[in-house]
Amino acid sequence: MLEEAMTAIAENGLAALTMSALAERLGTSGGHILYYFGSKDRLLLEALRWSEDALTVERRALLAGRTAATRLLDRFLQLYLPNGPRDPRWMLWIELWARAGSNEQLRAAQEELDHGWQEDLEAVLAKGASQQRFAIDDVPARAGELLALLDGLSTRVALGQRDADRRAALASARSAANRLLGVTTPVDTAGTTDSRPGGAG
């Protein structure tokens with residue numbers, strides 16, 4: 001149900017989605033969906049949480065082990081960016097941002113989900129600093145700045161803006177990370193390629 005909801009929201013936006021239309025796609029009733037979720041905002045939140053939970057497992061697996069910090073950082077960048085225009089997960093994020101300002105539950109959920117990404121990126125940066133691969137003295141600040149940059153690049157790709165595709169966004173993210181983190185071994189020469197589904201590699 002949540003996977004189908006995510007797809008439907010990505011296709012047409014939350015405002016255009018009706019419970020009856022979603023129910024028809026699922027072969028159930030609008031009342032059944034309302035029973036579980038109560039509102040479209042709650043449906044959006046649960047679909048995003050479901051998506052992020054799965055991605056968290058993938059992210060933690062990718063970042064585990066004794067791999068060099070530069071390669072871990074590159075894996076993080078690849079995982080963060082959208083696969084392409086109207087990437088379903090990113091369309092959920094864009095819908096969430098549009099509503100979080102006036103909805104305390106959505107705003108709290110956004111902070112919770114953001115914290116997971118921030119925490120994992122801080123771990124990568126701290127590892128890189130300890131390995132003398134990154135020249136940084138404020139890990140949380142640099143992680144926050146890099147995530148803000150990735151959000152901007154990701155939004156452009158997800159919305160299909162001109163000259164904004166995954167390949168270009170990944171190149172920009174790598175270049176910015178090299179400068180922002182004082183990377184001694186540049187991320188884009190760390191021996192990694194874009195291996196995410198729909199990516200450039």
Side-chain angles (χ1 to χ4, degrees), residues 1-63 76-121 144 147-167 169-170 173 194-199:
M1 185 182 294
L2 292 173
E3 183 176 14
E4 193 63 36
M6 184 169 69
T7 301
I9 293 169
E11 289 175 355
N12 302 304
L14 189 64
L17 179 67
T18 65
M19 294 299 191
S20 59
L22 179 59
E24 185 175 349
R25 291 175 69 134
L26 291 166
T28 186
S29 68
H32 183 70
I33 296 174
L34 280 170
Y35 174 79
Y36 282 104
F37 301 107
S39 69
K40 290 198 290 186
D41 279 352
R42 179 64 184 276
L43 179 65
L44 167 66
L45 177 55
E46 294 305 321
L48 184 56
R49 276 187 168 148
W50 171 79
S51 172
E52 288 292 319
D53 284 349
L55 197 57
T56 296
V57 173
E58 182 178 358
R59 183 173 75 239
R60 300 261 162 97
L62 280 174
L63 299 180
F76 186 98
L77 299 180
Q78 293 183 42
L79 194 61
Y80 199 93
L81 293 169
N83 291 332
R86 303 203 71 81
D87 178 291
R89 180 177 68 91
W90 271 98
M91 296 311 295
L92 291 185
W93 271 107
I94 292 169
E95 293 282 358
L96 178 69
W97 289 336
R99 288 163 173 76
S102 58
N103 185 310
E104 179 60 35
Q105 183 183 27
L106 293 182
R107 184 163 57 250
Q110 176 192 335
E111 292 175 357
E112 174 192 340
L113 295 171
D114 283 341
H115 179 73
W117 286 99
Q118 174 86 19
E119 186 176 56
D120 285 351
L121 181 54
L147 287 173
L149 182 141
L150 290 172
D151 284 343
L153 291 172
S154 296
T155 301
R156 287 172 54 83
V157 173
L159 294 179
Q161 294 185 1
R162 180 180 298 179
D163 299 325
D165 59 25
R166 179 180 167 86
R167 184 188 296 272
L170 181 56
D194 186 359
S195 59
R196 288 285 290 160

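All figures in this text were calculated on a predicted structure; none of them were measured in a lab. No hydrogens, no waters, no symmetry mates; every other heavy atom, side chains included, goes into these values.
Side-chain atoms of R59 and Y80, non-hydrogen and from C-beta on, never get closer than 4.5 Å to each other. You'll find the side chain of R89 stays beyond 4.5 Å of the side chain of P82, heavy atoms only. Residues L44 and F37 have side chains not in contact (no heavy-atom distance under 4.5 Å, counting atoms from C-beta outward). Inter-residue side-chain proximity for W50 and L92 is flagged as unmet; no heavy-atom pair is nearer than 4.5 Å. At a threshold of 4.5 Å between non-hydrogen side-chain atoms, the residues T155 and I94 count as touching. Residues V157 and D165 are not in side-chain contact: their nearest non-hydrogen atoms beyond the backbone lie 4.5 Å or more apart.
Closest approach of G116 and R60 over heavy atoms only: O-NH2, 4.2 Å. Across every non-hydrogen atom of S29 and A23, the tightest pair is C-CB, 3.3 Å. Between M6 and P88, the closest heavy-atom pair is CG-CB, 3.8 Å. Residues L2 and A47 come closest through the heavy atom pair CD2-N, 3.7 Å. Listed here is the closest heavy atom pair of A5 and L43: CB-CD1, 3.9 Å. When all heavy atoms of L81 and R166 are compared, the closest pair comes out as O-NH1, 3.1 Å.
With rounding to the nearest 0.5 Å, the separation of CE in M1 from OG1 in T28 is 6.0 Å. Taken to the nearest 0.5 Å, the CZ atom of F76 stands 11.0 Å off from the CG atom of L62. For the atom pair CH2 (W117) and OG1 (T56), the distance works out to 7.0 Å, reported to the nearest 0.5 Å. Taking CG of L170 as the reference point, atom CG of L153 lies at 9.5 Å (rounded to 0.5 Å).
The list of salt bridge (charged side-chain N to carboxylate O under 4.0 Å, His left out) pairs with a residue in residues 29-39, not counting sequence neighbours, is empty. Screening residues 30-41 for side chain to side chain donor-acceptor pair (under 3.5 Å) gives D41-N103 as the qualifying pairs, with residues at least two apart or on separate chains.
Using a 3.5 Å distance cut-off with no hydrogens or angles, the side chains of E52 and W93 do pair a donor with an acceptor.
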Checking side-chain contact (heavy atoms from CB on, under 4.5 Å) for the pair L79/L63: CA distance, chi angles, key distance, verdict? CA-CA 11 Å; L79 194 61; L63 299 180; over 6 Å; no
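By the salt bridge (Lys or Arg N to Asp or Glu O under 4.0 Å) test, R86 pairs with no residue at all, sequence neighbours left out. For E3, there are no salt bridge (Lys or Arg N to Asp or Glu O under 4.0 Å) partners two or more places apart in sequence or in a different chain. Qualifying salt bridge (Lys or Arg N to Asp or Glu O under 4.0 Å) partners for E46, counting only residues two or more places apart in sequence or in other chains: R42, R49.
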Please output the side-chain donor-acceptor pairs of residues 11-22 that fall under 3.5 Å, not counting sequence neighbours, one pair per line with the distance.
residue	atom	partner	partner atom	Å
E11	OE1	R25	NH1	2.9
T18	OG1	S20	OG	3.2
T18	OG1	A21	N	3.0

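Formation of a donor-acceptor pair under 3.5 Å by the R107 side chain with backbone atoms of A100 is found in this model.
Salt bridge present: R99 and E95 bring a charged side-chain N and a carboxylate O closer than 4.0 Å.
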